[in-house]
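Structure first, then comments.
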Number of protein chains: 2
Amino acid sequence: MGTVTKALNLLSFFTQNRHEIGLSDLTRLSGLNKATVYRLMGELQEAGFVEQVGPDRAYRLGPEVLRLAALREAAVPILSVSRGILDRLCDATGETAHLSLLRGTQLVTLGHAYSPRHATRVMMDDAEILSFHGTASGLAVLAWADDAFVDAALAGPLAAHTTDTVTDPGAIRAMLDQVRADGIAESVGRFEADVHSHAAPVFGADQRPIGALAVAAPVSRMTPAQRATIRAELRAAARDLTQRTGGFFPPEYPQEAAA
Amino acid sequence: MGTVTKALNLLSFFTQNRHEIGLSDLTRLSGLNKATVYRLMGELQEAGFVEQVGPDRAYRLGPEVLRLAALREAAVPILSVSRGILDRLCDATGETAHLSLLRGTQLVTLGHAYSPRHATRVMMDDAEILSFHGTASGLAVLAWADDAFVDAALAGPLAAHTTDTVTDPGAIRAMLDQVRADGIAESVGRFEADVHSHAAPVFGADQRPIGALAVAAPVSRMTPAQRATIRAELRAAARDLTQRTGGFFPPEYPQEAAA
DNA sequence: AGTCGTTGGTTCATTATTTGAACCGTTGGT
DNA sequence: ACCAACGGTTCAAATAATGAACCAACGACT
């Protein structure tokens, strides 16, 4: 593994649950030598990717990542375009809408919108990592991904997030067939209990999936009429976002609603 | 220079004017060997920091930077907090408001808001790099920065952005004294012609400046009344943002409006 | 007060990685 | 048919990364 990869890998230990990490913790988490971590973090700090804070000198992500993100947005304005789409989506459905994007082999939530209509909502965090087999968004992406990608995603032992999570690769592949025929993926309580999610894939310029839009609602509020609304809105939103970010749907994507 | 620093330095060649860079261009820009750039970019790509696009395989920033930025925002929500403050600021003044943050030795614009009140506006780009000596924001930060920092910022030959730009370090230091006494920095046509800017510093938990809020208006619209409005609003906005992000004003900051 | 375990930080000989000149095969313009 | 520029690749030589051991400082516990 190259030195740069090691350094960048250190950044991946920052999550929503761990905003600050001390040198020793980082050493343990990464398995690298302490002196190595120290030097790598020093270089990352020099570049503004992390900063040291407080009397315990713990590291947290630095302002340089904001600059890069602003530039990425200027080049590929997915987040800014999606904001309006997410707002409309959650407004039309009355439920929580969110966007997730592929980052290499991982699916990351990067934007969300809450509806004020109901007191209970499905809550979201940005930068959370979703499982492919357990979420509607994950299935929506997998259904139109390369075979190799699907194989990789279903290779390791699949985590059972809830008692209803399907962890059998064969069963999941069968579900993907259905998603392909339908155009929309659905998941009831397989990632978080009591959450009913729908998701539609978003495509890039090469007609391959780059992420998914999803609507997440409490199971108790899902009615046939609500389900129809969500599916229709989701279809429109995914088409909209794909087009406005320069993407194209693959020809095999079902144009009209199936069963 | 360490390998990691070299790799991260490659990312700094992406700007608002250069969203995509080919291998050869990047080699020329960085002065590194082509094979080195190729390998480093390969590692950056592997980590999702850049992606290759199009038939010419040009590099552009990748989705990983969005994930990191979302995490940084979760840890230190300056951008989300500032959004409302910027909106209010530009609403109250009728002019363009923007936020810039220190990134090591550079000052970077990271958020802005336009007022619909006038047809002509001062336009902004996010992730643009501001000069310390030429902008109101830069002066506001310098006025409360370490002596060493000021020395470094005024060391090199200072660019003359317009015919009115002050490039004499002595004259700039005199201006800093005035800014310190006043609490607000002002710049008329020294970065962009015909732009009259006011800026107030924003402070971090250690009472040192972390950036600045600014209001930029066409010179032609600046009246004494407007100037008073901007200065009062800016003062309130900077205090608000500093407090809400866990920062503190240094005791020597002028609490009440001076001349 | 003394001990222990932990923290962030530093050193330097050994080691493994990075480097760069020269080399492909393609592409596009003349 | 040529030339120049592109992205990508190779491999011996040079350089940078590594890790065990070592500080000093802090806090908890006896």
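Here is how names work: the chains are called A, B, and so on, in the same order as the sequence lines, proteins then strands, and each is numbered from 1.
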Separation between CG of B:Leu107 and CG of B:Leu101, rounded to the nearest 0.5 Å: 8.0 Å
Partners passing ring pair (Phe, Tyr, Trp, His ring centres under 6.0 Å) against A:Phe249 (at least two apart in sequence or in another chain): A:Phe203, A:Tyr253
5' to 3' contact window, DNA chain D with chain B (heavy-atom distance under 4.0 Å): D:dC6 to D:dA17
Contact pattern, 5' to 3', of nucleotides 14-30 of chain C - B, S or - by protein heavy atom under 4.0 Å: ---SSBBB---------
Any donor-acceptor N/O pair, B:Thr5 side chain to B:Met1 backbone, under 3.5 Å: no
Gap between atom CZ of B:Arg67 and atom OG1 of A:Thr15 - 0.5 Å precision: 8.5 Å
Donor-acceptor pair between B:Ser24 and B:Thr27 side chains, under 3.5 angstrom: no
Within residues 69-85 of chain A or reaching into it, pairs that qualify as side-chain hydrogen bond (donor to acceptor under 3.5 Å, both in side chains) - sequence neighbours excluded: A:Arg72-B:Glu51, A:Glu73-A:Ser80
Ranges pairing with ranges for DNA chain C, where each run has three or more Watson-Crick or G-U pairs under 3.5 Å: C:1-30 with D:1-30
Parallel, tilted or perpendicular: rings of A:Phe149 and A:Phe132 (30°, 60°): perpendicular
Side chain B:Asp146, main chain B:Ala148, donor-acceptor under 3.5 Å: no
Earlier contact from the 5' end, DNA chain D, for B:Asp25 and B:Tyr38: B:Asp25
Whether A:His133 side chain and A:Ala159 backbone form a donor-acceptor pair below 3.5 Å: yes
Partner set under side-chain contact (heavy atoms from CB on, under 4.5 Å) for B:His112, not counting sequence neighbours: B:His98, B:Tyr114, B:Met124, B:Asp126
